[in-house]
Protein chains: 2
Amino acid sequence: MKLTSKGRYAVMALVDLARFDNINPVSLRDISLRQGISLDYLEQIFSKLKKNEIVKSIRGTQGGYVLNKNPNDIKLTNIFNAVDEKVKTVQCKKESKKGCNGKATKCVTHNLWDELEVHINTFFENKSLKDLLNNNKETRV
Amino acid sequence: MKLTSKGRYAVMALVDLARFDNINPVSLRDISLRQGISLDYLEQIFSKLKKNEIVKSIRGTQGGYVLNKNPNDIKLTNIFNAVDEKVKTVQCKKESKKGCNGKATKCVTHNLWDELEVHINTFFENKSLKDLLNNNKETRV
DNA sequence: ACATACCTGACCAAAATGGTCAAGTTTAGA
DNA sequence: TCTAAACTTGACCATTTTGGTCAGGTATGT
Ligand code: FES
Ligand code: FES
């Protein structure tokens with residue numbers, strides 16, 4: 001049960017972006033240097049964030065990325081969905097009536113994992129980018 | 001962010017065991033058949049559960065495994081620890097002052113992941129094997 | 001025109017996952 | 001005493017996921 005670095009980097013990068021995008025777009029190169037994330041990898045991540053309308057891109061010299069929404073309206077849920085960091089606790093297909101192991105009914109632990117999934121998703125839905133910014137004010141450059 | 005099948009199977013097997021161990025020890029073969037888990041794999045899992053004193057083994061014909069504690073005293077936390085299903089959300093080493101990416105200070109998202117870890121662990125600490133048994137009474141054979 | 005920075009997709013090594021296989025040892029019961 | 005059931009141990013392995021790199025583009029401000 002661990003977080004992948006794609007999800008982790010996405011949030012790191014967006015926090016960085018949110019801090020610096022007041023005036024100009026922020027280039028991935030800058031984020032890469034400040035946060036220590038490979039540029040090529042960041043491009044993959046931002047491509048997805050863009051498709052999900054969390055950021056906008058501005059091409060050309062002095063270009064970069066800008067938030068597409070208010071930090072208060074960007075929930076962790078949105079970010080995670082965008083980069084395919086899904087919370088998956090059950091083994092079976094949820095829609096199906098069948099259980100894991102191909103059994104005809106849901107297994108004895110199915111409800112448990114489902115509860116856990118809800119529990120974790122609740123956390124993500126209640127956290128916005130704004131919350132993270134406030135949390136780290138004191139370390140602001 | 002997903003659960004591994006080792007953790008999932010461990011809980012499944014223990015629920016099965018808790019249901020049937022009233023009179024006699026339960027053999028892994030039976031659990032394997034009822035829950036559709038490979039026997040060889042179950043053996044790996046139960047070896048760990050035994051080391052962590054969650055179950056006791058009884059060798060020989062008619063042998064098997066028995067719970068070593070009251071179902072009410074077996075928390076999911078205990079089970080997960082036993083089979084090395086750890087909740088790991090931060091990237092860095094917790095004890096260290098250093099952050100991930102080898103930086104000198106903790107990264108901007110460190111607190112967030114730490115909160116998440118606590119949030120998930122709380123769930124595991126508040127669930128016991130007993131809770132699962134009650135939940136599934138109606139499907140009892 | 002040219003440098004900057006976004007964009008796209010193929011590719012890949014290493015680690016984790018989810019097991020299998022083989023060869024035991026122990027003990028109840030016929 | 002013999003044997004089969006069931007625990008015990010440890011090596012092994014194919015597949016998938018992870019966490020990227022690399023090699024080319026294309027768009028645009030100056
Ligand atoms: S997890 Fe859904 S049936 Fe087992
Ligand atoms: S996760 Fe701990 S420093 Fe980044």
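Just so it is clear, the values below take in all heavy atoms, side chains as well, and ignore hydrogens, waters and symmetry mates. Letters A, B, ... are given to chains in the order of the sequence lines, protein chains preceding strands, and every chain is numbered from 1.
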Participant: So which one's nearest nucleotide on DNA chain D is more toward 5', B:F46 or A:Y9?
Facilitator: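 Counting from the 5' end, the first nearest nucleotide belongs to B:F46.
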Participant: So with a 6.0 Å cut-off around NZ of B:K98, is the heavy-atom count from everything else above 12?
Facilitator: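 Atom NZ in B:K98 is not crowded, with 12 or fewer foreign heavy atoms closer than 6.0 Å.
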Participant: Quiz question: going by heavy-atom distance under 3.5 Å, is there a donor-acceptor pair between the base of C:dT20 and the side chain of B:Q44?
Facilitator: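 Indeed, a donor on one side and an acceptor on the other fall under 3.5 Å apart.
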Participant: Would you say the side-chain atoms of A:K75 and A:S128 include a donor-acceptor pair closer than 3.5 Å?
Facilitator: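 Absent: no donor and acceptor within the cut-off.
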Participant: With a 3.5 Å cut-off and heavy atoms only, can you find an N or O donor on one side and an acceptor on the other between the side chain of A:R29 and the base of C:dT4?
Facilitator: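 Not at all, since no donor on one side and acceptor on the other fall under 3.5 Å apart.
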Participant: With a 4.0 Å cutoff (strictly under), does any side-chain N or O of A:K50 reach OP1 or OP2 of C:dC7?
Facilitator: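 True: A:K50 side-chain N/O within range (under 4.0 Å) of C:dC7 OP1/OP2.
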Participant: Counting only side-chain heavy atoms from C-beta out, which of C:dG18, C:dC6, D:dC7 sits nearest to A:S27?
Facilitator: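 Minimum distance to the A:S27 side chain belongs to C:dC6.
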Participant: May I ask you to decide if A:V90's main-chain N or O and A:K88's side chain share a donor-acceptor pair within less than 3.5 Å?
Facilitator: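 Yes, A:K88 side chain to A:V90 backbone: donor-acceptor pair under 3.5 Å.
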Participant: Measuring to OP1 and OP2 of C:dC7, would you say a side-chain N or O of A:Y65 lies under 4.0 angstrom away?
Facilitator: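 Affirmative; the distance criterion is met.
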Participant: Going by distance alone, is a donor N or O of one side chain under 3.5 Å from an acceptor N or O of the other, for B:E53 and B:N68?
Facilitator: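 The criterion, which ignores hydrogens and geometry beyond distance, is not satisfied for B:N68 and B:E53.
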Participant: Nearest whole Å is fine: how far is D:dT17 C1' from B:K2 NZ?
Facilitator: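 These atoms are roughly 7 Å apart.
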Participant: I want to confirm an ordering. Mapping A:T61 and A:M1 to their closest nucleotides on DNA chain C, which one lands closer to the 5' end?
Facilitator: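 It is A:T61, whose closest nucleotide lies nearer the 5' terminus.
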Participant: Of A:I58 and A:S38, whose closest DNA chain D nucleotide lies nearer the 5' terminus?
Facilitator: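 Closest to the 5' end, via its nearest nucleotide, is A:S38.
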Participant: Hey, does the side chain of A:S47 come within less than 4.0 Å of C:dC7's phosphate (OP1/OP2), counting only N and O?
Facilitator: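 For C:dC7, neither OP1 nor OP2 has a side-chain N or O of A:S47 closer than 4.0 Å.
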Participant: Rounded to the nearest Å, what distance is computed from the NZ atom of residue A:K51 to the C1' atom of nucleotide C:dG9?
Facilitator: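 Spelled out: NZ on A:K51 to C1' on C:dG9 is 10 Å.
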Participant: Would you kindly give the CG-to-P distance between A:L39 and D:dC22, to the nearest whole Å?
Facilitator: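 Taking CG of A:L39 and P of D:dC22, I get 12 Å after rounding.
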Participant: Tell me: CD1 of B:I31 to C1' of D:dC7, nearest whole Å?
Facilitator: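 Answer to the nearest Å: 12 Å.
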Participant: Given D:dT18, D:dT21, C:dC21, which nucleotide is nearest the side-chain atoms of B:D40?
Facilitator: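 The closest nucleotide is C:dC21.
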Participant: Expressed in angstrom and rounded to an integer, what is the separation of B:K88 atom NZ from C:dA16 atom P?
Facilitator: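 Taking NZ of B:K88 and P of C:dA16, I get 11 Å after rounding.
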Participant: If you look at every strand shown and take non-hydrogen atoms under 4.0 Å, does B:V26 touch a base, only sugar-phosphate, or nothing?
Facilitator: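 B:V26: backbone/sugar contact only, no base atoms under 4.0 Å.
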Participant: Tell me whether the OP1 or OP2 atom of D:dT8 has a side-chain N or O from B:S57 closer than 4.0 Å.
Facilitator: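 The answer is yes; a side-chain N or O of B:S57 sits under 4.0 Å from OP1 or OP2.
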Participant: Nearest whole angstrom, please: distance from the P of C:dC6 to the CZ of A:R59.
Facilitator: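 One finds 9 Å between P of C:dC6 and CZ of A:R59, rounded.
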Participant: In whole Å, what is the span from the NZ atom of A:K86 to the C1' atom of D:dT17?
Facilitator: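 The distance from NZ of A:K86 to C1' of D:dT17 comes to 14 Å, rounded to the nearest Å.
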Participant: What do the steps show when you test A:D84 against A:K6 for salt bridge (Lys or Arg N to Asp or Glu O under 4.0 Å), and what is the final call?
Facilitator: CA-CA 8 Å; A:D84 303 313; A:K6 200 162 269 184; over 6 Å; no
Participant: So if I apply the side chain to side chain contact (heavy atoms under 4.5 Å, CB included) rule between A:L14 and each of A:L67, A:L132, A:L76, A:I31, which one comes out positive?
Facilitator: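 Looking at A:L67, A:L132, A:L76, A:I31, the match for A:L14 under the side chain to side chain contact (heavy atoms under 4.5 Å, CB included) is A:L67.
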Participant: To the nearest Å, give me how far apart CE (A:M12) and P (D:dG19) are.
Facilitator: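 Distance, rounded to whole Å: 13 Å.
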Participant: What about A:E43: does its side chain form a donor-acceptor pair under 3.5 Å with the base of C:dC6?
Facilitator: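 Per atom types, no contact qualifies.
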